[in-house]
Amino acid sequence: MGAYVVRRLVAVIPIMLGVALIAFLLLHLAPGDPISLLVSNFDQGAPPDLVNQLRERYGLNDPLWLQYVHYVWDAVRGDLGTSIFTGRPVTQMILDAAPYTAALAGASIVIAVVLGVTLGVVAAVRRGTWWDNASIGVSLFGLSIPQFWFGMMAVLIFAVNLHWFPSSGSGSFSHLVLPALVLGISASAAIARLTRSAMLEVLGEQYIVTARAKGLREVTIISGHALKNAFIPVLTLIGLQFGRLLGGTVIMETIFNRQGLGTLMLTSITRSDFPLLQGTLMVVAAVYVLLNIAVDVSYAWFDPRVRL
Amino acid sequence: MSTSLTPELMPDPKLPVTAEPEVVPARGTSPGRAKLLAFLRHRGTWIGGSLLVVFLLMAALAPLLAPYDPLAVNADVGLTAPSWAHPMGTDDFGRDILSRVVYGSRLSLVVGFSCVAISAVVGTLIGLLAGYFRGPTDSVLMRVMDVLLAFPGLVLALALAAVMGRGMLSVIVAVGVAGVPTFARVTRGAVLGVVNTDYVLAARAVGCRSTWILRRHILPNVVAPVIVMTTLYLAYAVLYAASISFLGVGVQPPTAEWGAMTNAGRGVLVQGWWVSTFPSVMIMLFVLAVNVMGDSLRDALDSKLRRS
């Protein structure tokens with residue numbers, strides 16, 4: 001198991017090199033020069049030697065490959081460059097914003113798993129009943145509803161009209177409730193559907209019949225025997241839902257005016273702050289890759305047949 | 001296990017995709033025909049299909065259906081609630097929401113289908129090559145796919161759209177590229193399931209060219225999972241594209257695009273819920289129709305692919 005984890009972590013290195021390459025190339029091949037934006041407040045155009053000096057300082061006169069090597073080397077040492085717009089270190093800006101996104105994504109995934117698995121199990125156990133149909137219907141809508149509109153409606157109903165929660169900001173727990181619920185509910189839809197079909201498959205197995213014959217209580221059969229086996233495919237999906245969640249945090253942070261990586265990414269786009277955009281892309285990708293490794297490792301914990 | 005980042009419906013690469021022994025068909029019914037019949041008999045096909053036809057008609061007949069010019073500004077009727085004159089109300093510029101929603105169907109359909117076309121064609125090609133030739137081709141192609149998969153889909157699409165500049169074309173390319181790795185993985189998995197079957201080995205043994213084998217013997221086996229993926233990703237693509245426009249990076253106002261319209265309604269959410277609600281409901285109905293169709297396709301074509 002330890003060896004497996006190490007092997008997976010080593011495999012992250014080439015992936016992150018590729019991620020860095022993509023982030024790097026994207027922004028260097030993109031139209032628009034960060035320096036021209038930096039000096040755009042000069043009325044009669046910036047003096048050429050100033051531009052050149054700045055290009056030199058940001059290393060933009062070096063050949064591309066050398067810039068890439070520098071970028072990776074700095075990134076390894078935790079330096080993701082300097083934001084062109086604020087002049088602050090990108091690493092620091094990301095570290096400041098990350099806890100907010102982590103709180104939002106963490107709370108959402110918990111809500112998504114608890115709600116999704118519960119709905120799925122109830123639907124499977126009460127197959128063909130009103131419960132089942134309602135759960136299928138709700139999750140189909142949950143899959144199709146645009147997260148951004150769902151978020152806006154939550155603001156309108158629970159913040160503006162009912163005043164239960166603040167409509168924007170990111171300071172306290174109450175700021176977290178609405179965006180986390182919206183994201184969690186929207187991600188629970190896919191989990192509920194898969195849990196239902198996985199449970200239905202497992203409930204037809206011989207060992208469930210055996211468990212019933214032994215006279216075990218239904219609760220034990222469902223939670224102990226059926227769910228434990230049905231959970232493995234669901235786990236794969238949860239890993240995938242992390243990706244949707246991380247994308248969803250961008251939307252939620254925008255709607256709820258929350259601080260976080262998504263807001264950072266969007267402002268870096270609107271301000272053409274290339275180093276900041278590069279940095280957030282790198283960090284989000286790294287987090288996503290590591291989360292997926294964590295999901296893979298947890299297979300072994302849920303399924304003793306999986307040898308790592 | 002290395003199932004990280006694999007879509008939930010990726011067929012197990014170890015199993016041939018159509019591993020189940022087919023019941024010997026009665027005279028005159030091929031397996032393909034039986035699947036088509038199963039698809040046509042499915043309730044979801046009719047519900048989803050008729051909704052999709054409505055959307056297609058709406059897009060085709062937009063000039064006839066829209067009561068007003070979608071771009072015409074009319075200060076006299078700024079932000080009026082739904083009424084007989086304006087069934088979906090007007091936005092703060094006095095533009096008729098119904099007309100904008102109707103015209104918006106054109107954009108959403110074009111964007112959605114173009115994205116999926118890019119993802120499906122490029123992804124399937126990469127998957128075919130990687131799965132059939134194995135070796136270095138496989139390694140290089142799939143490592144590139146791994147790197148693309150290291151970004152959450154929406155985040156990658158957002159960054160791509162941002163660097164390509166705002167507009168419909170960059171949204172299409174961005175969301176299209178973001179979908180490529182998923183198709184490549186699914187296709188590769190399906191190819192691996194058949195590449196060592198006797199008929200492929202026999203075709204090789206008698207000296208068939210690779211292009212012939214790929215087209216004649218391999219491609220038919222990957223069609224089913226690719227079709228299912230296509231409907232699934234169509235739903236995602238429409239949501240992604242709308243999200244990107246919602247975040248202000250995609251299609252720009254005043255163009256009537258559902259995501260951008262929802263964003264425009266954000267500023268007047270409290271005074272005019274209808275401005276953002278109707279375009280979003282259209283997105284939801286369209287995605288719902290695609291999802292329902294996708295479900296029945298999956299049920300009919302491939303019992304191995306799980307619902308999610």
Side-chain angles (χ1 to χ4, degrees), chain A residues 8 14-16 18-19 21-23 26-27 29-31 140-141 143-149 152-153 155-156 160 190-191 193-194 196-198 233 236-237 239-240 242-248 250-251 254-255 265-266 269-270 277 281 284-286 288-289 292-293 295-296 299-300 306 308, chain B residues 1-8 10 143-144 146-165 235-236 238-240 242-243 246-249 258-259 262-263 265-266 269-270 273 276-277 279-281 283-292 295 306-308:
Chain A
R8 288 299 303 271
I15 291 186
M16 285 313 294
V19 166
L21 185 65
I22 288 189
L26 270 185
L27 304 171
L29 302 179
L140 203 53
F141 269 94
L143 272 186
S144 312
I145 198 166
Q147 282 173 339
F148 49 83
W149 181 61
M152 284 169 62
M153 285 299 113
V155 169
L156 186 60
V160 175
I191 297 178
R193 271 160 54 106
L194 189 65
R196 177 181 176 273
S197 61
T236 315
L237 180 66
L240 284 165
F242 276 129
R244 258 195 102 198
L245 269 178
L246 288 174
V250 182
I251 296 171
T254 305
I255 291 175
M265 187 178 162
L266 267 186
I269 287 173
T270 45
L277 181 52
L281 279 177
V284 170
Y288 186 37
V289 169
N292 272 288
I293 293 178
V295 167
D296 282 359
Y299 279 115
V306 175
L308 297 179
Chain B
M1 298 282 289
S2 59
T3 37
S4 72
L5 307 166
T6 326
E8 69 274 14
M10 174 160 169
R143 288 304 79 75
V144 174
D146 283 347
V147 169
L148 287 180
L149 278 173
F151 297 95
L154 181 61
V155 171
L156 178 61
L158 193 61
L160 285 171
V163 296
M164 281 187 288
Y236 272 100
V238 170
L239 283 177
Y240 280 168
S243 301
F246 173 81
L247 293 170
V249 183
W258 293 339
T262 309
N263 187 29
R266 205 152 68 91
L269 179 64
V270 180
W273 55 269
S276 49
T277 295
S280 285
V281 168
I283 301 174
M284 189 175 80
L285 288 177
F286 183 73
V287 174
L288 190 68
V290 174
N291 275 332
V292 171
D295 279 357
R306 290 174 188 279
R307 280 160 174 272
S308 69

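Chain identifiers are assigned alphabetically (A, B, ...) following the order of the sequence lines, protein sequences preceding nucleic acid strands; residue numbering begins at 1 within each chain. All values below were derived from every heavy atom in this structure, side-chain atoms included, with hydrogens, water molecules and symmetry-related copies excluded.
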Enquirer: If you tally heavy-atom pairs under 4.5 Å against chain A, which of Thr277(B), Asn291(B), Val292(B) wins?
Expert: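 Of the candidates given, the most pairs with chain A belong to Thr277(B).
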
Enquirer: With respect to chain A, which residue among Ala242(B), Gly153(B), Ala235(B) yields the maximal number of heavy-atom pairs within a distance under 4.5 Å?
Expert: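 Ranked by contacts with chain A, first place is Ala242(B).
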
Enquirer: Quick check on Phe246(B) against chain A: is it the side chain, the backbone, both or neither that has a heavy atom closer than 4.5 Å?
Expert: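 For Phe246(B), the contact with chain A is made by the side chain alone.
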
Enquirer: So for Leu158(B), is it side chain, backbone, both, or neither that comes closer than 4.5 Å to the heavy atoms of chain A?
Expert: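 Both backbone and side chain of Leu158(B) come within 4.5 Å of chain A.
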
Enquirer: Between Leu26(A) and chain B, with a heavy-atom cut-off of 4.5 Å, which part of the residue counts as in contact: side chain, backbone, both or neither?
Expert: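 Interface part for Leu26(A): both.
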
Enquirer: To the closest 0.5 Å, what do you measure between CH2 (Trp149(A)) and CD1 (Ile283(B))?
Expert: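 Between Trp149(A) CH2 and Ile283(B) CD1, I get 10.0 Å after rounding to 0.5 Å.
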
Enquirer: Less than 4.5 Å apart, any side-chain heavy atom of Arg244(A) and any of Leu154(B)?
Expert: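 When only atoms from C-beta onward are counted, Leu154(B) and Arg244(A) do not touch, as no gap falls below 4.5 Å.
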
Enquirer: Looking at Val249(B), Val281(B), Leu247(B), Leu239(B), which has the largest count of heavy-atom pairs under 4.5 Å with chain A?
Expert: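 Maximum pair count with chain A is reached by Leu247(B).
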
Enquirer: Name the region of Val290(B), side chain, backbone, both or neither, that has any atom closer than 4.5 Å to a heavy atom of chain A.
Expert: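 Interface part for Val290(B): neither.
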
Enquirer: Go through the atoms of Ile22(A) and report whether side chain, backbone, both or neither lie under 4.5 Å from a heavy atom of chain B.
Expert: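 When you check distances to chain B, only side chain atoms of Ile22(A) fall under 4.5 Å.
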
Enquirer: Is there a side-chain contact between Asp295(B) and Leu140(A) in this structure, where contact means two heavy atoms from C-beta onward sitting under 4.5 Å apart?
Expert: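 Result yes, sub-4.5 Å side-chain heavy-atom pair found.
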
Enquirer: Find out whether Trp258(B) and Ser280(B) are in side-chain contact, i.e. whether some heavy atom of one side chain is under 4.5 Å from a heavy atom of the other.
Expert: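 A side-chain contact is absent here, since even the closest heavy-atom pair is not under 4.5 Å.
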
Enquirer: Report the option among Val250(A), Val295(A), Thr254(A) that has the most heavy-atom pairs separated by less than 4.5 Å from atoms of chain B.
Expert: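 Highest number of pairs under 4.5 Å: Thr254(A).
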
Enquirer: Among Gly243(A), Gly248(A), Pro146(A), who wins on heavy-atom pairs under 4.5 Å with chain B?
Expert: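 Ranked by heavy-atom pairs under 4.5 Å with chain B, first place is Pro146(A).
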
Enquirer: Between Ser197(A) (side chain) and Leu194(A) (backbone), is there a donor-acceptor pair under 3.5 Å?
Expert: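 Looks like yes, one N/O pair under 3.5 Å.
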
Enquirer: Measure Val155(B) against the heavy atoms of chain A and call it side chain, backbone, both or neither at under 4.5 Å.
Expert: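 It is both, since atoms from each part get that close.
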
Enquirer: Side chain, backbone, both or neither: which part of Ala159(B) has a heavy atom under 4.5 Å from chain A?
Expert: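 Both backbone and side chain.
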
Enquirer: Partners of Arg266(B) by side chain to side chain donor-acceptor pair (under 3.5 Å), sequence neighbours excluded?
Expert: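 With neighbours one apart ignored, the set is Asn263(B).
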
Enquirer: Nearest 0.5 Å, please: how far is CD1 in Ile255(A) from CE in Met152(A)?
Expert: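 Result: 6.5 Å between the selected atoms.
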
Enquirer: With a 4.5 Å cut-off on heavy-atom pairs, point out which of Leu21(A), Val155(A), Leu281(A), Val284(A) contacts chain B the most.
Expert: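 That would be Leu281(A).
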
Enquirer: To check you understand the geometry: which heavy-atom pair defines the closest contact between Leu246(A) and Tyr288(A), and what is its length?
Expert: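 Result for this residue pair: CD1-CB, 3.9 Å.
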
Enquirer: Please report the closest heavy-atom contact between Ser144(A) and Val287(B), naming both atoms and the distance.
Expert: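 Heavy atoms of Ser144(A) and Val287(B) come nearest at CA-CG1, 3.6 Å.
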
Enquirer: Non-hydrogen atoms of chain B under 4.5 Å away: do they reach the side chain of Met153(A), the backbone, both or neither?
Expert: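 Interface part for Met153(A): side chain.
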
